[in-house]
Q: 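Here it is, the structure in full.
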Amino acid sequence: VIPVHNRKHYTRACLTYLRAQTYPGFMTIVVDDGSTDGTAAMLATEFPDVVVLTGSGNLWWTEATNAGVRYALQHADATGPHFVLTLNDDVQLGPDYLAQLLATYRRHAPCV
């Protein structure tokens with residue numbers, strides 16, 4: 001879950017890092033809270049597989065994150081366990097970030 005607002009270049013970079021992950025089968029949810037910098041068009045064109053939730057500019061970071069988490073929980077399949085990761089759009093992830101995070105969970109369940 002990634003809340004965004006008018007930081008198209010950061011959002012593009014973050015999604016590019018996620019696209020390069022070695023761990024398959026995860027859902028990416030971007031909550032675009034009323035961006036006016038072309039973020040919506042960029043998401044539709046460059047990242048059509050990303051779920052985009054749209055706000056009016058009044059969600060701010062906390063409610064945008066909460067909206068994304070609610071969506072993730074409502075759309076999880078019946079198998080588990082399920083995890084929700086929240087990210088800021090300015091993070092830089094290595095290609096094995098998700099794989100390493102889940103490997104850590106498996107070693108130390110139920111803690112990460």
Side-chain angles (χ1 to χ4, degrees):
V1 173
I2 308 165
V4 304
H5 180 76
N6 284 340
R7 290 167 35 122
K8 179 173 68 172
H9 63 287
Y10 285 117
T11 302
R12 177 184 285 124
C14 183
L15 293 174
T16 300
Y17 289 120
L18 283 172
R19 183 181 275 165
Q21 292 300 298
T22 59
Y23 182 84
F26 60 92
M27 178 189 327
T28 302
I29 303 165
V30 171
V31 183
D32 179 13
D33 190 22
S35 294
T36 58
D37 65 349
T39 294
M42 180 269 298
L43 291 170
T45 302
E46 298 177 31
F47 301 95
D49 55 328
V50 169
V51 173
V52 179
L53 307 179
T54 304
S56 63
N58 296 318
L59 298 178
W60 301 91
W61 184 86
T62 302
E63 182 50 32
T65 299
N66 288 338
V69 169
R70 281 192 299 271
Y71 182 93
L73 295 175
Q74 291 168 354
H75 292 86
D77 62 23
T79 63
H82 295 97
F83 300 93
V84 177
L85 174 66
T86 61
L87 296 173
N88 288 340
D89 61 358
D90 59 356
V91 299
Q92 298 179 12
L93 305 173
D96 65 341
Y97 179 79
L98 293 178
Q100 290 297 320
L101 191 61
L102 290 169
T104 300
Y105 169 76
R106 286 186 205 101
R107 283 191 308 273
H108 303 286
C111 301
V112 175

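No experiment lies behind these values; they were computed from the predicted model shown.
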Q: Tell me every residue that passes side-chain hydrogen bond (donor to acceptor under 3.5 Å, both in side chains) with His82, counting only those two or more places apart in sequence or in another chain.
A: Asp77
Q: Once salt bridge (charged side-chain N to carboxylate O under 4.0 Å, His left out) is applied, what residue pairs with a partner in residues 86-102 remain, sequence neighbours excluded?
A: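 Checked against salt bridge (charged side-chain N to carboxylate O under 4.0 Å, His left out) - neighbours excluded - the pairs reaching residues 86-102 are Arg7-Asp89, Arg7-Asp90.
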Q: Could you note down all residue pairs passing salt bridge (charged side-chain N to carboxylate O under 4.0 Å, His left out) where residues 18-41 supplies at least one of them, sequence neighbours left out?
A: none
Q: Are Phe26 and Leu73 linked, directly or through other ILVMFWY residues, by side chains that come within less than 4.5 angstrom of each other?
A: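 No: no chain of side-chain contacts under 4.5 Å links Phe26 to Leu73.
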Q: Apply ring pair (Phe, Tyr, Trp, His ring centres under 6.0 Å) to Phe83 and list each qualifying residue two or more places apart in sequence or on a separate chain.
A: Tyr105
Q: Given Leu87, which partner from the list Leu18, Val1, Val30, Thr28 fulfils the side chain to side chain contact (heavy atoms under 4.5 Å, CB included) test?
A: Leu18
Q: Could you tell me the separation between the OG1 atom of Thr36 and the NE2 atom of His5, rounded to the nearest 0.5 Å?
A: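 Between Thr36 OG1 and His5 NE2, I get 6.0 Å after rounding to 0.5 Å.
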Q: Can any side-chain N or O of Gln74 pair as donor or acceptor with the backbone N or O of Val69 at less than 3.5 Å?
A: no
Q: Suppose the criterion is salt bridge (charged side-chain N to carboxylate O under 4.0 Å, His left out): which pairs have a residue in residues 102-112, not counting sequence neighbours?
A: none
Q: Could you name each residue pair satisfying salt bridge (charged side-chain N to carboxylate O under 4.0 Å, His left out) that touches residues 53-74, not counting sequence neighbours?
A: Glu63-Arg70
Q: Is there a path of hydrophobic side-chain contacts, each under 4.5 Å between heavy atoms of I, L, V, M, F, W or Y residues, that connects Tyr17 with Tyr10?
A: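 Not linked; separate clusters.
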Q: Taking only distance into account, with no hydrogens and no angle test, what donor-acceptor pairs under 3.5 Å do side-chain atoms of residues 43-50 form with protein atoms, sequence neighbours excluded?
A:
residue	atom	partner	partner atom	Å
Thr45	OG1	Ala41	O	2.9
Glu46	OE1	Arg12	NE	2.8
Glu46	OE2	Arg12	NE	3.4
Glu46	OE2	Arg12	NH2	2.9

Q: Listed by chain and number, what are the side chain to side chain contact (heavy atoms under 4.5 Å, CB included) partners of Trp61, not counting sequence neighbours?
A: Pro3, Thr65, Asn88
Q: Taking only residues two or more places apart in sequence or in another chain, which ones pass side chain to side chain contact (heavy atoms under 4.5 Å, CB included) with His75?
A: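 Residues passing side chain to side chain contact (heavy atoms under 4.5 Å, CB included) with His75: Met27, Tyr71.
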Q: Hey, could you give me the CG/CG distance between Leu15 and Leu93, rounded to the nearest 0.5 Å?
A: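 Leu15 atom CG to Leu93 atom CG measures 10.0 Å (nearest 0.5 Å).
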Q: Compare all side-chain heavy atoms of Ile29 with those of Val84 and state whether any distance is below 4.5 angstrom.
A: no
Q: My understanding is that only residues two or more places apart in sequence, or in another chain, count here; which of them pass side chain to side chain contact (heavy atoms under 4.5 Å, CB included) with Ala99?
A: Thr22, Tyr23
Q: Give me the atom names and distance for the closest heavy-atom approach of Cys14 to Val91.
A: SG-CG2, 4.0 Å
Q: Does Tyr97 reach the side chain of Leu85, with side-chain heavy atoms less than 4.5 Å apart?
A: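 Heavy-atom side-chain distance check passes, below 4.5 Å.
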Q: Does Asn58 have any side chain to side chain contact (heavy atoms under 4.5 Å, CB included) partners at least two apart in sequence or in another chain, and if so, which?
A: Ser56
